[in-house]
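Residue numbers begin at 1 in each chain, while the letters A, B, ... track the order of the sequences.
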Protein chains: 2
Amino acid sequence: MTRQGGYNLPEGVNAVRFSSKAVTRVAAGRVIGLSNEKKSAEQISKVSCSNCSVRALCLPAGLTAQDIDRLEQITRKKTVIKAGDQLFRAGDKFTSLYAIRSGSFKSVVIAADGSAQVTHFALPGELLGLDAYSTQAHPSYAEALENSSVCELPFAQLETLAQQVPGLQKQIFNLFSEELRQEKDVVMLLGKRSAEARLAALLINISERYTRRGYSATEFNLTMPRIDIANYLGLTAETVSRLISRFQKQELIKVQGRAITLLDKPGLATLAGVSCSD
Amino acid sequence: MTRQGGYNLPEGVNAVRFSSKAVTRVAAGRVIGLSNEKKSAEQISKVSCSNCSVRALCLPAGLTAQDIDRLEQITRKKTVIKAGDQLFRAGDKFTSLYAIRSGSFKSVVIAADGSAQVTHFALPGELLGLDAYSTQAHPSYAEALENSSVCELPFAQLETLAQQVPGLQKQIFNLFSEELRQEKDVVMLLGKRSAEARLAALLINISERYTRRGYSATEFNLTMPRIDIANYLGLTAETVSRLISRFQKQELIKVQGRAITLLDKPGLATLAGVSCSD
DNA sequence: CGTAAGGTTGAAAGCTATCAAGCGCCGTGG
DNA sequence: CCACGGCGCTTGATAGCTTTCAACCTTACG
């Protein structure tokens, strides 16, 4: 299941985080524990939101220390989900939400005719599984694009706690709403007619999302293979590859396998037909 | 602002509702009050969920009579939003959710380059505005596609009530989740490469949604103009028109202006690459 | 160092956008 | 009441873009 060949150059590019004052380097590839590969991916350990890099975007945002403590008590941490492993499968009963601590995932829906479609790329600080509440079953499966780590939040307990902690209810609404807003962005992205505009929009979108998480806005890994990008954008892998080459010739981006540098973000934003932060 | 020319044949097709046992006819076109055109669209009157046709899909679903009563007290009903009028504008401060009692709306986002994009079609029983919570501002504007009526739900009060009524919190989560699941359907719809598959998928999608609301699964009005369908699907109006003609020649559908009859839903589903209920 | 999977590049075919013309319905105004 | 004008819709021909098919290259891993 793990990827075997292909391009996969500089591991850990996305791990370069910029705090507000100092520049700190964290080798995420090592942090998530490549050393214990023999252990199960279902391995569970204690949760500590206070030292989590995505706490500002995650459920504890806006909660008091005391409420965070109650949240931690119902949370289970899965240390490692290996690249290619599935966090949950399509049709699985909905029991928990999963908050991404590190790494990235793709959500894939299998259509009735058997064709697979990538519907979402999930980054650190985002929740997986929100769309399963209404039907109590996961409509898609979630597969790790790289070695990742998540927190499991049993929803029944989360719901009860939200009833007692107003700030938590607010934050759940907030994350639901934020994901809806993002889906609207995706619809806009896919609504763009030209392949060029779609890919440019995706690059800007991922850049913005990494920026919010404190990563570099211009240097990051496209952790997903070209074919997943293509599937997600409603294109073919060949078209995506050609576009990436063209963008590189036009000096809009610099590419080395899956590592990408945005050289001209405003230029890309113009192609995408969106505004950007610089 | 109201549409002036063009096709707009049998008004009220969507108003043909089928209850589980008896077939009842309700002329919605008349119900929503074409007689008081002089009055403002902002007109407000009392809310009564108990006689609302979409209560099973709306916020009161699963609540006790007593809790519904508390919900009604914070709800304001806007009797009529005329076709072409906007319920809220892009950038408006988020204060309320809007539940659609009757009619239909389109959500439109204006991109940075000025281009408009239809991101959603909303039908009775659905909520508008959920995506505005996280930013506290509406990312899109909502325009009535026909004369419609909505309930306004001030969110601050709704939030407070949800804290006291567990069933209401559950139902809000439910509606958030349901909308997320639907957006995933949209992404799948747009991810289809061929124009044929996209349009077929849209027809199936709207049919399923009307079915859930008790309307006919095979006969309904496409209340939106071709150009909006095209924009939504990432196509042109000409392509949509050609496809509709082709589907008609293939005896998949029967079309009369905006009134549409699905003659071969399984056939459409095959084209769309999805399963369908019959 | 060989193999397999991911990725890149090229040429031809197919599909959709674009441009253009014409039709039908509706509301308006004479 | 009827003619006019506008808008939405339909249909046709052409150009352009993306897919498809195919070959080849690159990288990681055994």
Judged by atom type as modelled, is there a donor-acceptor pair below 3.5 Å linking the side chain of A:Thr218 to the main-chain atoms of A:Leu262? no
Within this structure, what is the [atom1]-to-[atom2] distance between [X] and [N], rounded to whole angstrom?
| X | N | atom1 | atom2 | value |
| --- | --- | --- | --- | --- |
| B:Arg198 | D:dT18 | CZ | P | 12 Å |
| A:Gln256 | C:dG6 | CD | C1' | 16 Å |
| A:Gln248 | C:dT9 | CD | C1' | 14 Å |
| A:Glu196 | D:dG16 | CD | P | 16 Å |
| A:Arg246 | C:dG10 | CZ | C1' | 15 Å |
| A:Leu199 | C:dT8 | CG | P | 11 Å |
| A:Leu243 | D:dC17 | CG | C1' | 11 Å |
| A:Ile229 | C:dT8 | CD1 | P | 9 Å |

Under 4.0 angstrom between [X] side-chain N/O and [N] OP1 or OP2:
| X | N | value |
| --- | --- | --- |
| B:Ser241 | D:dT11 | no |
| B:Arg242 | C:dT16 | no |
| A:Thr236 | D:dT19 | yes |
| B:Arg258 | D:dC9 | yes |
| A:Thr239 | D:dT18 | no |

B:Ile204 vs B:Lys265 side-chain heavy atoms within contact, under 4.5 Å: yes
Would you check if A:Phe247 and A:Leu271 make a side-chain contact, meaning some heavy-atom pair closer than 4.5 Å? yes
Sugar-phosphate only, base, or nothing, as touched by A:Leu235 at under 4.0 Å among non-hydrogen atoms: sugar-phosphate
Would you say the side chain of A:Glu238 and the base of D:dC21 hold a donor-acceptor pair, judged only by whether the two atoms sit under 3.5 Å apart? yes
Over all atoms of both residues, closest heavy-atom pair of A:Ser107 and B:Lys184: CB-NZ, 3.9 Å
Name the orientation class of the two ring planes belonging to A:Tyr210 and A:Tyr215 (parallel below 30°, tilted from 30 to 60°, perpendicular beyond 60°). perpendicular
